[in-house]
J.: 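Got a structure for you, written out below as structure tokens; questions coming shortly.
Everything quoted here is computed from the prediction, not taken from an experiment. Just so we're on the same page: letters track the sequence lines, and every chain starts at 1.
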Amino acid sequence: MTDPEKPGLRAPLQAIRGTHDILPAEARRWQAAEAVCKSHFELYGYREIRTPVFEPTELFVKGTGETSDIVTKEMYTFTDKSGRSLTLRPEYTPSIARAILEHRLDLRPEPLRFYYIGPMFRYDKPQKGRYRQFHQADVEVFGEADPAVDAELIEMAGSLLEKLGVEDVEILVNSVGCPDCRPAYSHALREKAEASRDEYCADCRRRIELNPLRLFDCKVERCGELSRGLPLVSDFLCPACAENFAEVRRRLDACGLRYRVEPRLVRGIDYYTRTTFEIVNSSAGRQNAILGGGRYDNLMKTYGGPDIPATGFAMGMERLLEAARLEIKPENFVFIAYLGEEAKNRAAWLARIFRSGGVECLLEFKDRGLKAQLSRAARLGASFAAIVGQDEVRNGRLVVKDLSTGSQFDEPVAWLEKEGEAEAALRRLFSKSSRPDFWPPAKEAKP
RNA sequence: GUGAGUGUAGCUCAACUGGUUAGAGCAUCGGACUGUGGAUCCGAAGGUUGGGGGUUCGAGACCCCUCACUCACCCCA
């Protein structure tokens, strides 16, 4: 029976397409993954940088590239009240370049090694592993042209995924050459493909003119066969690029990393030069690239900045979380149960003592029976229940129940009087439990 | 942007070919047990069947539109 007066429980609004709420249980996993990423990046001398989520539209048009898919059809662009065109960042690299120029970070002594974890926005059609608001961990090195940096980056990416428990990964590396050697290659590709034009699928026929490098990506069987007969970038690299790529591989070999040279690996953003790489999860669905990156030595110049080489990668957090095996700390807290109005006040004060001692505790003000409270404590995964009832208030004692063993112990406590003594009493009390180390060690007194 | 599939309670799913008041398990809350926990039993609450329109005496089911999700294309993280 529906009461027409009663508003429906269904939410009148919902998260917009391609965006998601990350609920607490899932947020725990994000926190764990982010913590691993951050500490890993810091180990290599990277430091966090944070830039705005929206930027002037021109930043991406210039940097990401006027002809790229991202800029031509995937940007969240809007006009603000001043009439200026702004864009929610679809990727992070242009923002970093902008920040470096704006603050002339290149003139400072600190290394230009940055990382960031945050949301990006692309107006794509959502599917598994692809969302309109998604998150990337992004890493950038500016000012270091040495191929050893590329190798170090790739090694860092590989060891990060290992730390995160991602299995079935494959590291693919390639070199797409520089503006000197790429045109010759594109030309050769086009010429060769044109010869057997009729055998290609409709998409590929279009690719021949538009972006011949993408011919390698086609999933149509016949196209795949044909693409095996196409010339490879490696045969067209200029001597400098060839030597550069060889050096990257030597460095990778030197650190014992397992990788595969994939001459057909091309990347979709216009600014890439020389090294490109990708780490794919071979057991995932179609959107299986967890991480991708490469070198972009000319990006700074396109912004009219100094000639600063750069390299980096971006990792899709959603795709990572899908594949990562993360260790989540189990719940570890005290549930405070109280009985009666007087005990309610005492319980609140007791909670303060726990918390000031660094012990997490939960106190729900619902005036329920002890049974209901204990039942709830157990279901929520509390380690201990502290019971504050009329008796305890009267006797100046506190009862603590170890919920894993069921054993119960109590102690005369000073919490009715002095806070300092209360903490000592509580420590004493927990030292009798099955987990004498439960209460965190006292902080060193400040000198 | 293109194509295909799916939407029933918070979750997982029922409801024979269109037929009366849309059911169950789990979860939630309460009680049995008025101060001792994940068990058991009993009970309650929870739905405009994603939304709107149409066909029909009658729609959760059929048709159209729309929204969302899923998978693939495209592209990318």
Side-chain angles (χ1 to χ4, degrees), chain A residues 1-4 6-20 23 64 68-74 90-93 117-138 157 201-204 206-207 210-211 214 217-220 266-269 278-281 284-293 313-323 335 337-340 343 366 368-393 399-408:
Chain A
M1 199 64 74
T2 334
D3 183 351
K6 200 170 155 190
L9 288 175
R10 189 176 299 283
L13 296 171
Q14 52 189 327
I16 65 166
R17 182 168 214 195
T19 71
H20 292 99
L23 304 180
T64 309
S68 68
D69 278 28
I70 290 178
V71 170
T72 54
K73 48 189 191 196
E74 295 173 6
E91 58 143 349
Y92 203 60
T93 305
I117 301 176
M120 307 290 157
F121 307 86
R122 291 184 200 171
Y123 192 86
D124 245 336
K125 182 154 174 178
Q127 70 184 67
K128 190 177 189 63
R130 201 176 70 186
Y131 311 100
R132 289 184 174 178
Q133 176 177 329
F134 61 103
H135 299 74
Q136 288 186 334
D138 195 274
C201 70
D203 282 338
C204 280
R206 224 179 41 241
R207 291 190 183 110
L210 250 84
N211 194 346
R214 296 226 78 95
D217 277 352
C218 192
K219 274 92 187 173
V220 176
V266 293
R267 303 206 50 77
I269 297 174
E278 202 167 278
I279 301 188
V280 299
N281 176 357
R286 276 305 189 197
Q287 310 299 331
N288 65 350
I290 294 185
L291 177 160
F313 68 76
M315 175 168 70
M317 294 301 288
E318 282 81 359
R319 291 179 189 181
L320 171 72
L321 271 288
E322 194 80 24
F335 187 99
Y338 67 89
L339 290 160
K366 288 186 174 175
R368 297 204 275 192
L370 183 59
K371 188 176 192 70
Q373 295 187 69
L374 285 181
S375 160
R376 193 158 162 75
R379 191 141 351 109
L380 294 178
S383 305
F384 297 94
I387 301 170
V388 188
Q390 328 285 6
D391 295 349
E392 285 75 12
V393 171
V399 173
V400 168
K401 182 165 192 167
D402 184 330
L403 291 169
S404 57
T405 64
S407 66
Q408 203 164 283

J.: Give A:Gly18 one of three labels, base, sugar-phosphate or nothing, depending on what nucleic acid heavy atoms sit under 4.0 Å from its own.
T.: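 Answer is sugar-phosphate: A:Gly18 comes under 4.0 Å of backbone atoms only.
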J.: Does B:U70 have OP1 or OP2 under 4.0 Å away from a side-chain N or O of A:Gln127?
T.: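 False: A:Gln127 side-chain N/O out of range (4.0 Å or more) of B:U70 OP1/OP2.
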J.: Could you state the atom-to-atom distance from NZ of A:Lys128 to P of B:A72 in whole Å?
T.: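 Answer to the nearest Å: 8 Å.
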J.: Mind checking A:Glu318 for me? I need base, sugar-phosphate or nothing, with any heavy atom below 4.0 Å counting as a touch.
T.: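 No contact.
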J.: Quick check for you: to the nearest 0.5 Å, what is the distance between A:Ser383 atom OG and A:Phe335 atom CZ?
T.: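 Rounded to the nearest 0.5 Å, the OG-CZ separation comes out at 13.0 Å.
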J.: Please determine whether a side-chain nitrogen or oxygen atom of A:Arg17 lies at a distance below 4.0 Å from atom OP1 or OP2 of B:C69.
T.: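 Affirmative; the distance criterion is met.
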J.: B:C75 base to A:Arg122 side chain: any donor-acceptor pair below 3.5 Å?
T.: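 Check fails, no donor-acceptor contact within cut-off.
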J.: Quick check: does any side chain N or O of A:Arg122 sit under 3.5 Å from a backbone N or O of A:Tyr131, one acting as donor and the other as acceptor?
T.: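 Not at all, since once roles are kept as given, no pair shorter than 3.5 Å links the two residues.
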J.: With heavy atoms under 4.0 Å as the rule, sort A:Ala377 into base, sugar-phosphate or nothing.
T.: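 The residue A:Ala377 makes no contact with any strand.
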J.: Across the strands shown, which category fits A:Ile290 at heavy-atom distances under 4.0 angstrom: base, sugar-phosphate, nothing?
T.: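 Sugar-phosphate contact only.
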J.: Mind checking if A:Leu291 touches a base, just sugar-phosphate, or nothing, with heavy atoms under 4.0 Å?
T.: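 Contact class for A:Leu291: sugar-phosphate only.
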J.: Between CG of A:Leu291 and CD of A:Gln136, what distance do you get to the nearest 0.5 Å?
T.: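 Answer rounded to 0.5 Å: 9.5 Å.
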J.: What is the distance from NZ of A:Lys125 to C1' of B:A72, rounded to the nearest Å?
T.: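 The distance from NZ of A:Lys125 to C1' of B:A72 comes to 10 Å, rounded to the nearest Å.
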J.: How many Å lie between CZ on A:Arg130 and C1' on B:U2, as a whole number?
T.: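 So the CZ-C1' distance, A:Arg130 to B:U2, works out to 12 Å.
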J.: Does A:Gln408 make a side-chain donor-acceptor contact with the base of B:G37, cut-off 3.5 Å?
T.: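 For A:Gln408, whose side chain was compared with the base of B:G37, there is no donor-acceptor pair (under 3.5 Å).
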J.: Are any side-chain N or O atoms of A:Gln373 and backbone N or O atoms of A:Tyr338, one a donor and one an acceptor, separated by less than 3.5 Å?
T.: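 Indeed, once roles are kept as given, a pair shorter than 3.5 Å links the two residues.
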J.: Assign A:Gly292 to base, sugar-phosphate, or nothing according to its heavy-atom contacts below 4.0 angstrom with the strands shown.
T.: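 The answer is sugar-phosphate, as A:Gly292 gets under 4.0 Å only of primed atoms, P, OP1 or OP2.
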J.: Which sits closer to the 5' end of RNA chain B, A:Glu91 or A:Thr405, going by the nucleotide each is nearest to?
T.: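 Looking at the nearest nucleotide for each, A:Thr405 comes out on the 5' side.
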J.: Just to be sure I understand: a Watson-Crick pair is purine N1 to pyrimidine N3 plus N6-O4 or O6-N4, both under 3.5 Å. Using that and G-U wobbles, which stems of three or more pairs involve RNA chain B?
T.: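 Only these stems qualify: B:1-7 with B:67-73, B:10-13 with B:23-26, B:28-32 with B:40-44, B:50-54 with B:62-66.
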J.: Rounded to the nearest Å, what distance is computed from the CZ atom of residue A:Phe313 to the P atom of nucleotide B:C76?
T.: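 Computing the A:Phe313:CZ to B:C76:P distance gives 19 Å.
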J.: Rounded to the nearest 0.5 Å, how far apart are CG of A:Asp391 and CG of A:Leu339?
T.: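 Going from CG on A:Asp391 over to CG on A:Leu339, the span is 9.0 Å.
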J.: Under the side-chain contact (heavy atoms from CB on, under 4.5 Å) criterion, do A:Arg319 and A:Phe134 qualify, and how do the steps go?
T.: CA-CA 10 Å; A:Arg319 291 179 189 181; A:Phe134 61 103; over 6 Å; no
J.: What distance, rounded to whole Å, do you find between the two P atoms, one in B:G38 and one in B:A15?
T.: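 Approximately 35 Å lies between the P atom of B:G38 and that of B:A15.
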J.: What is the distance, rounded to the nearest whole Å, between atom NE2 of A:His20 and atom P of B:A77?
T.: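 My rounded result for the distance is 19 Å.
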J.: Where do A:His20 and A:Glu318 land on the side-chain contact (heavy atoms from CB on, under 4.5 Å) test, with the steps shown first?
T.: CA-CA 11 Å; A:His20 292 99; A:Glu318 282 81 359; over 6 Å; no
J.: I need a per-nucleotide contact map over nucleotides 28-34 of chain B, read 5' to 3'. Cutoff is protein heavy atoms under 4.0 Å; write B for the base, S for backbone only, - otherwise.
T.: SSS--B-
J.: Considering only atom C1', compute the distance from B:C42 to B:C33 and round it to an integer number of Å.
T.: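 Result for the C1' pair: 13 Å, nearest Å.
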J.: Taking atom P of B:G35 as reference, at what distance in whole Å does atom CD of A:Gln373 sit?
T.: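 So the two atoms are 11 Å apart, to the nearest Å.
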J.: Sticking with atom C1', work out how far B:C62 lies from B:G18, rounded to a whole angstrom.
T.: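 The answer is 8 Å between these two C1' atoms.
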J.: Using whole Å, what does the distance between atom C1' of nucleotide B:U36 and atom OH of A:Tyr338 come to?
T.: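 Nearest whole value for this atom pair: 17 Å.
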J.: Stepwise, does the side-chain contact (heavy atoms from CB on, under 4.5 Å) test hold for A:Arg17 with A:Lys125?
T.: CA-CA 9 Å; A:Arg17 182 168 214 195; A:Lys125 182 154 174 178; 4.1 Å; yes
J.: Measure CE/A:Met317 against C1'/B:C76 and give the value in whole Å, please.
T.: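 So the two atoms are 17 Å apart, to the nearest Å.
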